[in-house]
Amino acid sequence: MPIPRRRCALFLLMGILGLGLLGRSGAEERPIVHITAKRFEYEPPVVKLKKGVPVTIELTALDRQHGFKVPQLGLRVDAWPGETTRVELIPDKSGTFEFVCDVFCGSGHEDMDGKIIVEE
Amino acid sequence: MLDDLDRRGFLKLAGLGAGVTFASGLGFKADPALAADSDFYFVQLTDTHWGFSGPKVNPEALNTLPKAVAAVNALATPPDFIVFTGDLTHTTDDPLERRKRMAQFKAIVGELKVKTIRYLAGEHDASLDKGEAFREFFGEMHYAFDHKGVHFIALDNVSDPGAKLGEAQLDWLKADLAKQKPEQSIVVLTHRPLFDLYPDWDWATQDGAKAIDLLMPYKNVAVLYGHIHQEHHKMTQHIAHHAATSLIFPQPAPGSQPKRTPPVEWDPAHPFRGLGFREIAAKAKVPAVTLAEVPLVKA
């Protein structure tokens with residue numbers, strides 16, 4: 001039986017608020033997005049987030065130092081092999097935002113990128 | 001928004017006045033008037049990427065550097081010295097191959113009929129091994145020297161793969177500048193731009209603003225760099241920044257395409273277009289350097 005559109009929207013709103021409350025109660029309870037970096041790609045290459053919903057991004061590198069820079073969201077950190085870099089993010093705008101490696105990691109570094117898609 | 005300047009605007013801002021040659025069409029001969037009116041001149045070559053292979057962007061990759069050497073050797077007035085502002089070689093993961101390319105590069109430029117050659121590293125030379133191989137072949141990564149009253153400072157913003165000068169080098173720069181008078185003519189040589197030219201394409205130095213702040217009290221400063229494979233001019237207040245064309249392939253104009261790759265493709269109808277080197281006339285007694293862009297072949 002199809003769910004009425006209004007009820008569907010209500011569930012979505014409750015879900016977003018719930019994630020928001022988790023975020024406010026402590027960073028460790030935020031949804032975690034794992035991203036691994038290796039020459040010359042990120043995994044996953046596309047990350048989907050919700051506007052206003054806090055997340056923790058956990059970065060690791062598989063081979064050597066890489067950068068993770070999302071200019072349009074004002075975010076930049078380093079990723080190191082054997083370490084986990086954590087950064088908290090609350091997307092404040094919707095859209096598609098490219099992230100790039102800004103630590104020179106070899107010939108092909110220029111093409112190392114991915115996308116964060118922030119939905120309303 | 002980039003604060004780019006056209007040539008006329010740059011000349012006006014730099015206070016170089018009328019009658020100064022800023023010629024892209026000089027061919028292989030130095031402008032005699034330029035040389036005669038100057039205390040000295042030197043040549044900047046950059047981004048030779050020896051070892052690069054890419055038929056679509058430069059099917060003449062093996063011939064471009066020797067061609068540039070021949071062109072410089074054919075200059076009517078020999079330059080006082082030559083400076084290579086980085087990316088002498090193209091990146092390789094193999095430390096032996098890296099050294100092989102550096103040895104080959106050094107042998108080719110050894111044919112230059114100029115006594116003094118100054119080298120800077122680019123990220124392709126030095127970022128994967130933090131400059132270890134470069135030091136073996138070309139010496140220190142950052143240094144200063146004086147020539148006929150002009151103070152030159154070579155900075156390393158590439159051996160840290162994150163494009164930082166680092167606090168230690170900034171301290172060294174501060175100490176070096178402390179020995180200079182405010183009116184001293186200073187030429188800074190780097191590989192990456194010190195200012196935020198286009199950070200999304202790595203066309204910046206993360207802590208470059210700190211170096212610019214240290215240089216700001218000095219009245220007569222010009223920064224010459226490479227990395228972006230095209231001519232570009234920018235003023236940060238009274239400090240002039242000039243990027244030179246490369247000797248392997250041109251890059252797109254900043255922001256002109258989604259990513260900086262692919263580079264500009266080779267045009268068989270105009271071979272070597274966009275490639276060249278730069279002559280710089282410098283005077284110790286006036287606050288100026290004068291640039292002359294020299295295409296590798298005439299249009």
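Source: prediction; values computed, not measured. Residue numbers begin at 1 in each chain, while the letters A, B, ... track the order of the sequences. We use all heavy atoms of the structure for the numbers below, so side chains are in, but hydrogens, waters and symmetry mates are not.
Distance SG/A/Cys101 to CG/B/Asp202: 7.5 Å, rounded to 0.5 Å.
Applying the ring-ring contact (aromatic ring centres under 6.0 Å, His included) test to pairs two or more places apart or on separate chains, those with a residue in residues 101-120 of chain A are A/Phe104-A/His109, A/Phe104-B/His124.
Between B/Pro199 and A/Lys69, the closest side-chain pair of non-hydrogen atoms falls below 4.5 Å.
More than 12 heavy-atom neighbours from other residues, nucleotides or ligands sit within 6.0 angstrom of NZ on B/Lys106. Counting non-hydrogen atoms of neighbouring residues, nucleotides and ligands closer than 6.0 angstrom, the NZ atom of B/Lys259 exceeds 12 such neighbours.
Of residues 85-98 of chain B, those residues with a non-hydrogen atom less than 4.5 Å from any non-hydrogen atom of chain A are, in numerical order, B/His90, B/Thr91, B/Asp93.
Per-residue counts of heavy-atom pairs under 4.5 Å with chain B were compared for A/Gly67, A/Pro71, A/Gly108; the largest is that of A/Pro71. Most heavy-atom pairs under 4.5 Å with chain B: of the set A/Val100, A/Asp78, A/Asp113, this distinction falls to A/Asp113.
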Given the rule in the side chain to side chain contact (heavy atoms under 4.5 Å, CB included) test, do A/Asp102 and B/Gln206 qualify, once you have shown the distances and angles that lead to the verdict?
CA-CA 10 Å; A/Asp102 65 348; B/Gln206 277 199 42; 4.2 Å; yes
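For a residue to count as touching a neighbouring chain, one of its non-hydrogen atoms must lie under 4.5 Å from one of that chain's; by this rule A/Gln65 touches chain B with the side chain only. At a 4.5 Å heavy-atom cutoff, the contact between B/Asp200 and chain A is made by backbone and side-chain atoms alike.
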